Novice: 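Here it is, the structure in full.
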Amino acid sequence: MRKVRLILYGLIPVVALLGLAAWWLGPDRAVRIVEDATAVSVGGPFEMLDHRGQAVTEQVLLGYHTLIYFGYTGCPDVCPTELNTMAQAIDTLPPKQVARVQPVFVTVDPERDTVAVLGAYVAAFHPRMIGLTGTAEQIAAMKKAYRVYSRSLEKDDDGAYLVDHSTFIFLIGPDGRFLELLRPQLSIEEMADRVRRRLG
Ligand code: NI
């Protein structure tokens, strides 16, 4: 009993410190610090196929502020929502800034997301959106570099399946280096703000 009480008393300063930090920084900034800290080294080289069937590498990111999102075209809700937010956020920027931003959608479901499927899908969201697919190995390598998780769930009787996947958006700078992680479900205005701040 005494040990438990000692441990509990020991926790008081820790909890108080965390509370103080959240009060001082505000919950948004506290989340931001966690987001920045999680993504120390993200991204890097890749070899994929774009939605036009061209072989591309990380060179396509150079010169643009790129927003990268991993998902799949058969996703019923999360992917369309995030991609729509991404597209609308870009369109709230002045045209000169829009030209400096590049939205990228990377499929985690190459079995169904062929070049043709991907082409139609990205065009429905934004004229500047690039779709990336590839072999299972190429996609696995890109997922690893970006620390993205995904897992195809069991097929139903019709062969249909969902894919469980992480839903962060990566903001990459014009030099190809990772800038920041945008958490899921930002509003259009919040996402536009985060991009605008980076565009300077
Ligand atoms: Ni999805």
Side-chain angles (χ1 to χ4, degrees), residues 28 31-32 35-36 38-39 42-43 46 48-54 56 60-61 63-134 139 142-143 146-153 160-174 178-199:
D28 273 1
V31 167
R32 189 78 47 81
E35 284 173 354
D36 289 346
T38 347
V42 172
F46 60 81
M48 300 280 277
L49 272 184
D50 75 5
H51 61 286
R52 296 187 182 89
Q54 297 287 321
V56 291
V60 288
L61 310 184
Y64 299 98
H65 281 74
T66 306
L67 290 162
I68 302 187
Y69 178 82
F70 291 74
Y72 67 112
T73 68
C75 181
D77 41 28
V78 181
C79 289
T81 307
E82 290 300 324
L83 291 173
N84 189 49
T85 303
M86 212 156 118
Q88 300 230 33
I90 291 170
D91 283 340
T92 65
L93 303 170
K96 265 194 179 164
Q97 289 195 334
V98 173
R100 295 166 55 200
V101 180
Q102 180 169 256
V104 175
F105 173 68
V106 185
T107 184
V108 294
D109 185 18
E111 190 181 327
R112 290 180 296 189
D113 291 344
T114 59
V115 167
V117 170
L118 213 51
Y121 191 75
V122 293
F125 286 99
H126 201 277
R128 296 184 57 76
M129 193 176 288
I130 293 174
L132 297 180
T133 186
I139 287 168
M142 192 165 177
K143 272 168 56 182
Y146 281 83
R147 299 168 191 227
V148 165
Y149 158 84
S150 83
R151 190 173 67 94
S152 298
L153 304 182
Y161 57 94
L162 293 169
V163 183
D164 198 15
H165 65 92
S166 46
T167 52
F168 281 93
I169 292 174
F170 303 89
L171 182 50
I172 309 291
F178 170 80
L179 290 177
E180 65 179 294
L181 199 58
L182 307 183
R183 75 186 137 85
Q185 294 181 312
L186 286 181
S187 69
I188 292 165
E189 207 32 64
E190 284 171 317
M191 199 180 293
D193 269 353
R194 300 278 285 268
V195 176
R196 204 179 290 126
R197 226 175 293 156
R198 291 292 180 173
L199 286 167

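Small disclaimer: the values here were computed from a predicted structure and weren't measured.
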Novice: For the atom pair CD (Gln54) and CE (Met48), what is the distance rounded to the nearest 0.5 Å?
Specialist: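 Going from the CD atom of Gln54 to the CE atom of Met48 covers 15.0 Å.
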
Novice: Are more than 12 heavy atoms, taken from residues, nucleotides or ligands other than Arg52, located less than 6.0 Å from that residue's CZ atom?
Specialist: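 Result for CZ/Arg52: open.
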
Novice: Which heavy atom in Met142 sits nearest to a heavy atom in Leu132, and how many Å separate them?
Specialist: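 Closest heavy-atom pair between Met142 and Leu132: CE-CD1, 4.1 Å.
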
Novice: Considering residues at least two apart in sequence or located in another chain, which fulfil the side chain to side chain donor-acceptor pair (under 3.5 Å) criterion with Thr73?
Specialist: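 Per chain and number, Thr73 pairs via side chain to side chain donor-acceptor pair (under 3.5 Å) with Asp113.
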
Novice: Return the set of residues passing side chain to side chain donor-acceptor pair (under 3.5 Å) with His65 (not counting sequence neighbours), or none when no residue passes.
Specialist: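 Counting only residues at least two positions away or on another chain, His65 forms no side chain to side chain donor-acceptor pair (under 3.5 Å).
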
Novice: Minimum heavy-atom separation for Met129 and Val122, please, with both atom names.
Specialist: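 Shortest heavy-atom separation between Met129 and Val122 comes out as O-CG2, 3.7 Å.
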
Novice: Look at the side chain of Arg128 and the backbone N and O of Val101, then say whether any donor-acceptor pair between them is shorter than 3.5 Å.
Specialist: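 Yes; judged by distance alone, with no hydrogens or angles, the pair exists.
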
Novice: Could you tell me which residues satisfy side chain to side chain contact (heavy atoms under 4.5 Å, CB included) with Val163, sequence neighbours excluded, listed by chain and number?
Specialist: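 Only Tyr72, Val108, Asp109, Arg112, Ser150, Ser152, Tyr161 meet the side chain to side chain contact (heavy atoms under 4.5 Å, CB included) criterion with Val163.
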
Novice: Any side-chain heavy atom of Val78 sitting closer than 4.5 Å to one from Pro184?
Specialist: no

Novice: Taking side chain to side chain donor-acceptor pair (under 3.5 Å) as the test, write out the residues that go with Asp91, two or more places apart.
Specialist: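 Only His126 meet the side chain to side chain donor-acceptor pair (under 3.5 Å) criterion with Asp91.
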
Novice: Once you round to the nearest 0.5 Å, how far does CD1 of Ile188 lie from OG1 of Thr92?
Specialist: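 So the CD1 of Ile188 and the OG1 of Thr92 are separated by 8.0 Å.
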
Novice: Is it true that, when you exclude Glu189 itself, more than 12 heavy atoms of the residues, nucleotides or ligands shown sit nearer than 6.0 Å to its CD?
Specialist: yes

Novice: Of all heavy-atom pairs between Leu171 and Arg194, which one has the smallest distance, and what is that distance?
Specialist: CD2-O, 4.2 Å

Novice: CD1/Ile90 to CZ/Arg100 distance, rounded to the nearest 0.5 angstrom?
Specialist: 13.0 Å

Novice: Checking side chain to side chain contact (heavy atoms under 4.5 Å, CB included) for the pair Ile169/Leu181: CA distance, chi angles, key distance, verdict?
Specialist: CA-CA 6 Å; Ile169 292 174; Leu181 199 58; over 6 Å; no

Novice: Without swapping roles, check the side chain of Gln97 against the backbone of Val195 for a donor-acceptor pair under 3.5 Å.
Specialist: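 No, the answer is negative, given that no donor and acceptor are paired below the 3.5 Å cut-off.
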
Novice: Can you list the residues that meet the side chain to side chain donor-acceptor pair (under 3.5 Å) rule with Ser166, with sequence neighbours excluded?
Specialist: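 Expected list: none.
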
Novice: Calculate, to the nearest 0.5 Å, the distance between atoms CD and CD1 belonging to Glu180 and Ile172 respectively.
Specialist: 10.5 Å

Novice: In terms of the angle between their ring planes, are Phe70 and Phe170 parallel, tilted or perpendicular, with boundaries placed at 30° and 60°?
Specialist: perpendicular

Novice: For the atom pair CE (Met86) and CG (Leu67), what is the distance rounded to the nearest 0.5 Å?
Specialist: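 The distance works out to 5.0 Å.
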
Novice: Please name the pair of heavy atoms, one in Leu162 and one in Pro76, separated by the smallest distance, quoted to 0.1 Å.
Specialist: CD2-CD, 3.9 Å

Novice: For Tyr64, look at atom OH and say whether over 12 heavy atoms of other residues, nucleotides or ligands are found less than 6.0 Å away.
Specialist: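 12 or below, so no.
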
Novice: Quick one: ring pair (Phe, Tyr, Trp, His ring centres under 6.0 Å) pairs with a partner in residues 91-121, sequence neighbours left out?
Specialist: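 Every ring pair (Phe, Tyr, Trp, His ring centres under 6.0 Å) pair that includes a residue of residues 91-121, provided the two are not neighbours, is Phe105-Tyr121, Tyr121-Phe125.
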
